[in-house]
Amino acid sequence: MTTNLPSPSREKGKGKQPTTSHDEHDIELPREMNEEQRKAAEAEARKRSFERSLAGPSVGKAGLLRDQTEVNRIIAEASKGSKYYVNQVKKDQELTEKIAWYRAKRDELMKMAQVDRLEADADRILMEVEATRDLTQFIVHVDMDAFYASVEVQRDPSLKGKPFGVGQGVLTTASYEARKFGCRSGMAGFIAKKLCPEIILTKLNFDLYIAASKAVREVLIQYDENLMMASLDEGYLNITPYMSTHNMTAAQVIAQLRADVEEKTKLTISAGIAPNRMLAKICSDKNKPNGQYELPFDRATITKFMRDLPVRKIPGFGRVTERCLEGLGVETCGDIYTHRAELLVMDHWFGFRGLCKAYLGIADNNVAPGKREERKSVGVERTFRDKTDDEDILNELAEIAEELEKDLERLQYSGKTVTVKYKLHTFENKTRAKSVGKYISTSKDILPIAQELLKRELPIRIRLLGIRLSTLKDLTVQDKGIRGFLSSPGKKRNRDSTDNDAGPSRQNTPGEDVPEMVRLQAEETEIYDLTGEDEDGEFVNSDGEVNLSRRRIDTDHNRSRSRSGTPSTKVFGKRKSPSPGQHLLGPVCPICGKHLGPGTSNQDLNDHIDWCLNKDAISEASKKSPEREKKRVKQEKDRPGAGAGAAVKKKNGGGMLDWLKRG
Ligand code: TTP
Ligand code: MG
């Protein structure tokens, strides 16, 4: 069969030494190594990999000139012994186990499969995905350069040209001068000082960043009225109509747009031009700072561009995903094709179509401002130094509920699911949720539920506490018919709700750009806790929690609000795609936005959330899933009349069995 697919001319594996897999380690090593060399290489690779995970998600940031391995080593040294470090060690072990489980699963499934059949099926899917390629739209991703830092220079011009970071406990960003030393977002201030002793650390000035973002937005919207802001400092545009009405090329439009932004705001912006959002985002980083990059609009160039691209560069592929794929021999997008048979049998865990899209460079090219109904939840959370006193914790909870009420009032939402989130002093995140039969929005209604959920957990020692309300109802939309009449919460309807209240144009949730994306990444949020302990053994305040809010654009409700003294408060809100009659579909998971069905009990909801929360999922999966799953598969196998295929069917919903059967 002629597939007409872009088979890589340099297929990974071809021209490469054969590899072998090792359960103790998730990196495949060349076969001809002797045992001793292999062990040494494994230990070294393992150490490097752990140091990379300790270093956090921003290791790929533009402008980091210093040798990252050395930087990672310094970070590992500096954080050794901290709670953050201990937690990372635990997570690393869990992830290593999980990867071993994936490998075993892959090997087990591959034993039952016919590789050529699988490859043919994979090629068919690839062709289906290829058929969806659209090269007609000029999509642009724009991203401000060192955004907070550039705004800080405007506030205090003496910072210009100096190495400095924004945020004192944890850096939200670093000037390009500081990046040369390895300093960057998500890094604890004391570590930044180790890397660059002369670094200046400034306070955060959110109001200034919000004002700057608005000013930039005003320029951008001239080029596409459907501008889709993804955070304070980045957004997507479709400049196709502008190009035709002004008879300009994409490169000309973007050069003009960047000059415009700089003239009106005195801030520089970088841009990527490509046929879809995923590619545009990857491209905007190519010529940072103050540059632009256009990916030629032809299939061959795009697939070639993707072939050598590390999977980590795909928006949504975090460190966990990267390691899991690495464990299956996939480091670049080109490797996806080489390993298509194995990845197809692992479809249930890795989402084969999403991987095909990454391999082919195909993604969503819709650019449209977000809608209110896409909001998934409204929440407030706070970080503080360790709290252990029950009363103290419950007081904090009451204040958070008050604050949440104010946000709900301002944003005009009510909801049915209350989720309490807390982070233990060991950095483990926990959530407990409960759904109620009516829509609520006041502290009077929310607090008792939150208290009930939290009291069961006491005593605890925590450093973060939050309440989130989900299964939302938009109060700016008039209910229609009898259902609306019955469920009217009796609150003022604000039909004049502004755009700002509508929240981010759309959260740039990693993975959204590539639907069916691997859902494994978990470290992106956790790394913001790169606080550890400072040299005095004093716990560094998680100023870095503000980082979590950086992907939110709306001016008020989604930004962190540092309170006086140590604690900082963060308001969070997620969005989901609207679905008709959603409140009839049972509670919505506040993490993934999935409807859990009308009969879902609170216990089921909690179980789901625990599983769903990425960071917990890793530990859950490695604690329970692999062993339980192995046990379950074994039981299934042992069951009279049931073969391994039946176990696979149960787990995979039958899809994979078809392939296996046909094999
Ligand atoms: P980024 O666009 O990721 O970074 P940047 O604009 O500072 O630098 P670059 O030139 O590489 O684009 O993030 C935008 C702002 O968001 C950043 O200035 C500060 C904030 N932020 C956080 O608060 N926490 C984070 O972890 C990151 C990455 C950014
Ligand atoms: Mg930026």
Side-chain angles (χ1 to χ4, degrees), residues 55-65 141-155 159 163-180 182-189 191-192 201-206 208-210 212-213 216-217 220 229-236 258 261-262 265 267-272 280-293 313 315 318-319 383 504 507-508 510 523-531 542-553 558-562 568 570-572:
S58 297
V59 283
K61 267 228 155 292
L64 296 172
L65 296 184
H141 178 254
V142 287
D143 188 295
M144 306 300 299
D145 302 320
F147 182 50
Y148 292 4
S150 307
V151 176
E152 287 300 321
V153 171
Q154 292 187 334
R155 183 189 57 80
L159 290 168
F164 73 95
V166 184
Q168 289 165 325
V170 175
L171 272 55
T172 58
T173 192
S175 65
Y176 274 80
E177 290 78 11
R179 290 184 198 191
K180 289 180 191 152
C183 304
R184 53 177 165 71
S185 315
M187 180 174 278
I191 291 177
L201 298 182
T202 71
K203 285 205 172 118
L204 286 152
N205 290 291
F206 273 110
L208 295 182
Y209 315 142
I210 287 160
S213 175
V216 172
R217 190 176 185 277
L220 299 180
M229 289 303 280
S231 78
L232 276 183
D233 96 319
E234 63 176 316
Y236 295 91
R258 290 179 35 244
V261 169
E262 192 170 358
T265 68
L267 294 167
T268 62
I269 196 162
S270 296
K281 186 165 165 74
I282 297 168
C283 291
S284 67
D285 216 36
K286 279 254 166 208
N287 283 328
K288 243 187 187 303
N290 200 10
Q292 66 188 60
Y293 182 88
K313 292 274 179 195
R319 177 74 188 127
T383 55
Q507 296 267 347
N508 182 27
E523 70 278 70
E524 271 75 6
T525 52
E526 194 56 27
I527 191 60
Y528 300 135
D529 287 319
L530 186 52
T531 48
S542 177
D543 222 351
E545 291 292 336
V546 297
N547 293 354
L548 287 170
S549 66
R550 78 189 200 279
R551 297 292 169 210
R552 303 191 171 98
I553 174 63
N558 273 335
R559 75 192 146 107
S560 294
R561 287 167 292 179
S562 284
S568 70
K570 179 171 58 103
V571 183
F572 49 88

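All ligand and atom numbering here is 1-based and tracks the order in the structure.
A heavy-atom distance below 4.5 Å is found between the side chains of F147 and L267. Y209 is not listed as a side-chain neighbour of D233, based on a closest heavy-atom distance of 4.5 Å or more. The side-chain heavy atoms of R155 and T202, taken from C-beta on, include a pair separated by under 4.5 Å. Side-chain contact between E262 and N290: present, with at least one pair of heavy atoms (C-beta onward) separated by less than 4.5 Å. Between S175 and L159 the shortest side-chain heavy-atom distance does not fall below 4.5 Å. Proximity of M229 to L220: side-chain heavy atoms (C-beta onward) are separated by under 4.5 Å at one or more points.
Contact atoms of ligand 1 toward S185: 25 (C), 26 (O), 27 (C), 28 (C) (distance under 4.0 Å to a heavy atom of the residue). Each of the atoms 6 (O), 9 (P), 10 (O), 12 (O) of ligand 1 lies under 4.0 Å from some heavy atom of M144. Each of the following atoms of ligand 1 lies closer than 4.0 Å to a heavy atom of R179: 5 (P), 7 (O), 8 (O), 9 (P), 10 (O), 11 (O). Less than 4.0 angstrom separates some heavy atom of T173 from each of these atoms of ligand 1: 5 (P), 7 (O), 17 (C), 18 (O), 19 (C).
Where the criterion is an N or O separation shorter than 3.5 Å, residue side chain and backbone included, A149 fails it with respect to ligand 1. The shortest N or O to N or O distance between K288 and ligand 1 is below 3.5 Å.
The option from Y148, F147, Y176 that lies nearest to atom 10 (O) of ligand 1, judged by heavy atoms, is Y176. Looking at N290, V170, D285, D233 and measuring to atom 13 (O) of ligand 1, the nearest heavy atom belongs to D233.
Listed here is the closest heavy atom pair of T265 and Q154: O-NE2, 2.8 Å.
Ring geometry, Y236 versus H141: the interplanar angle falls from 30° to 60°, so the pair is classed tilted.
Between the side chains of T173 and R179, at least one donor-acceptor pair of N or O atoms lies under 3.5 Å.
Within the protein, the N, O or S atoms lying under 2.8 Å from the Mg ion (ligand 2) are D143 OD1, M144 O, D233 OD2.
No donor-acceptor pair under 3.5 Å is formed between the side chain of K286 and the backbone N or O of A271.
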